[in-house]
Amino acid sequence: TAQQVMLAASGSPNTHLSGLTRGDDSNYGRTGSYWPGFAFELNAITPSRVLLGTRNGLYESSNRGDVVADITPGNTDGLVTAAAYGGRSGGTANADVILAGARDELWLRTTSGGQFTQRTAYSGGRPYQIIFDPDDWHTAYVLDSSGREWRGTQIGAGAEAWVNLT
């Protein structure tokens with residue numbers, strides 16, 4: 001039997017889609033299972049944690065999507081197209097690290113509840129796919145809207161650099 005993902009707010013955990021606060025509740029999921037243009041990522045460290053990027057924001061869940069919280073980076077208008085979620089560095093797991101693509105920008109969060117910071121060294125197009133290096137989340141790869149592949153190094157750790165690999 002299929003189980004419905006609630007995407008509910010913590011104050012109304014039995015109300016389907018109540019956690020989508022940026023207008024996404026009226027644009028998605030009401031007419032079936034088609035969700036156009038969204039990013040969905042399971043956490044690489046704790047798979048019960050989920051990120052959902054929509055055309056209006058970024059949502060995080062610690063319980064498989066049953067309850068979500070709006071964590072959209074502050075200076076964006078939404079349209080989250082890709083994200084990497086959870087990683088390791090130096091053998092230490094960080095389930096809270098997120099690298100999210102919103103419009104033509106990249107945003108990094110390193111701690112739970114922490115602020116997102118824009119990665120201004122990134123000069124690629126709209127991110128369509130983002131992955132962390134499995135051994136070091138300070139290195140990430142981005143496929144952008146122009147089909148270019150980018151590698152970022154030292155992300156959030158100092159002299160950050162992005163190189164076009166194509």
Side-chain angles (χ1 to χ4, degrees), residues 2-8 10 19-20 24 28 33 35 37-74 76 78-122 124-145 147-166:
Q3 181 178 352
Q4 181 179 34
V5 176
M6 293 299 292
L7 301 177
S10 60
L20 302 182
D24 288 317
Y28 296 112
S33 61
W35 285 57
F38 79 104
F40 179 84
E41 289 294 324
L42 294 179
N43 189 290
I45 305 301
T46 310
S48 62
R49 294 176 65 176
V50 178
L51 273 185
L52 178 66
T54 69
R55 72 180 191 147
N56 293 312
L58 183 64
Y59 302 91
E60 183 176 32
S61 172
S62 62
N63 58 6
R64 300 172 317 280
D66 289 337
V67 174
V68 294
D70 184 348
I71 61 165
T72 305
T76 70
L79 190 57
V80 176
T81 55
Y85 188 31
R88 298 186 193 292
S89 181
T92 302
N94 182 349
D96 299 315
V97 66
I98 298 170
L99 185 61
R103 300 274 176 205
D104 292 342
E105 303 167 343
L106 289 177
W107 293 82
L108 177 70
R109 183 191 82 177
T110 59
T111 60
S112 179
Q115 295 294 314
F116 280 88
T117 56
Q118 185 179 0
R119 313 322 302 160
T120 57
Y122 175 73
R126 179 171 294 162
Y128 278 173
Q129 182 66 45
I130 303 171
I131 59 170
F132 287 129
D133 180 302
D135 297 318
D136 185 5
W137 66 260
H138 295 286
T139 297
Y141 297 87
V142 175
L143 175 65
D144 76 8
S145 57
R148 296 174 297 186
E149 297 175 32
W150 297 82
R151 179 182 60 226
T153 55
Q154 296 296 314
I155 299 168
E160 183 172 324
W162 286 89
V163 175
N164 182 349
L165 299 176
T166 51

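In this chain, residues are counted from 1 in sequence order. Computed over heavy atoms, backbone and side chain alike; hydrogens, waters and symmetry mates excluded.
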**Study point:** Leu51 side, atom CG; Phe40 side, atom CZ - distance, nearest 0.5 Å
**Key:** 9.0 Å
Exercise for review: Output, in order, the C-alpha distance, side-chain angles, deciding distance and verdict of side chain to side chain contact (heavy atoms under 4.5 Å, CB included) for Tyr141 and Leu165.
Suggested key: CA-CA 10 Å; Tyr141 297 87; Leu165 299 176; 4.1 Å; yes
Review point. Given side chains that start at C-beta, do those of Ile71 and Ile98 come closer than 4.5 Å, heavy atoms only?
Key: yes
Check your understanding: Got Val80 and Asn56 here, is their nearest side-chain heavy-atom distance under 4.5 Å?
Key -> no
Practice item. Sequence neighbours left out, what pairs pass salt bridge (Lys or Arg N to Asp or Glu O under 4.0 Å) with at least one residue falling in residues 103-118? Key: Glu60-Arg109, Asp77-Arg103
Point to revise | Residues that Ala44 engages under side-chain contact (heavy atoms from CB on, under 4.5 Å), provided they are two or more places apart | key: none
Check your understanding: Do you see a donor-acceptor pair shorter than 3.5 Å between the side chains of Asp70 and Thr72?
Key -> yes
**Study point:** Leu106 vs Val142 side-chain heavy atoms within contact, under 4.5 Å
**Key:** yes
Check your understanding: Partners of Thr120 by side-chain contact (heavy atoms from CB on, under 4.5 Å), sequence neighbours excluded?
Key -> Gln118
Only distances under 3.5 Å count here; give the side-chain donor-acceptor pairs of residues 86-93 to other protein atoms, sequence neighbours excluded, each with its distance to 0.1 Å.
from	atom 1	to	atom 2	distance (Å)
Ser89	OG	Asp136	OD1	3.0

Point to revise | Heavy-atom donor-acceptor pair, Asp144 side chain to Arg148 backbone, under 3.5 Å | key: yes
Study note, to complete from the structure: Heavy-atom nearest pair, Leu99 first then Ala140, reads CD2-CB, 3.7 Å
Revision key, fill the gap. CG (Asn94) and NE2 (His138) are apart, to the nearest 0.5 Å, by 8.0 Å
Revision key, fill the gap. In terms of heavy-atom contacts, Thr54 and Tyr59 come closest through OG1-CE1, 3.8 Å
Check your understanding: Glu160: what forms a salt bridge (Lys or Arg N to Asp or Glu O under 4.0 Å) with it, not counting sequence neighbours?
Key -> Arg119
**Study point:** Any residue meeting ring-ring contact (aromatic ring centres under 6.0 Å, His included) with Tyr122, in chain and number order, not counting sequence neighbours
**Key:** Trp150, Trp162
Revision key, fill the gap. Between Gly101 and Pro127, the two heavy atoms sitting closest are CA-CG, 3.7 Å
Point to revise | Considering all heavy atoms, the nearest Tyr85-Arg49 contact | key: OH-NE, 3.2 Å
Check your understanding: What is the distance from atom CG of Leu143 to atom CD1 of Ile130, rounded to the nearest 0.5 Å?
Key -> 10.0 Å
Review point. Does Ser61 have any side chain to side chain donor-acceptor pair (under 3.5 Å) partners at least two apart in sequence or in another chain, and if so, which?
Key: Asn63
**Study point:** Residue pair Leu42 / Pro47: nearest heavy atoms and the distance that separates them
**Key:** CD2-O, 3.7 Å
Practice item. State the OG1-CD1 distance between Thr139 and Ile155, to the nearest 0.5 angstrom. Key: 6.5 Å
Exercise for review: Mind checking side-chain contact (heavy atoms from CB on, under 4.5 Å) for Asp135 and listing every partner two or more places apart, or none if nothing turns up?
Suggested key: Asp133
Study note, to complete from the structure: Between the CD1 atom in Ile45 and the CG atom in Asp96, the distance rounded to the nearest 0.5 Å is 10.0 Å
**Study point:** Partner residues of Gln115 under the side-chain contact (heavy atoms from CB on, under 4.5 Å) criterion, sequence neighbours left out
**Key:** none
Review point. Can you tell me how far CZ of Phe132 sits from CH2 of Trp137, rounded to the nearest 0.5 angstrom?
Key: 7.0 Å
Practice item. Please list, chain by chain and in numerical order, all residues satisfying salt bridge (Lys or Arg N to Asp or Glu O under 4.0 Å) with Arg126, sequence neighbours excluded. Key: none
Check your understanding: Mind checking what makes salt bridge (Lys or Arg N to Asp or Glu O under 4.0 Å) contact with Arg151, not counting sequence neighbours?
Key -> none
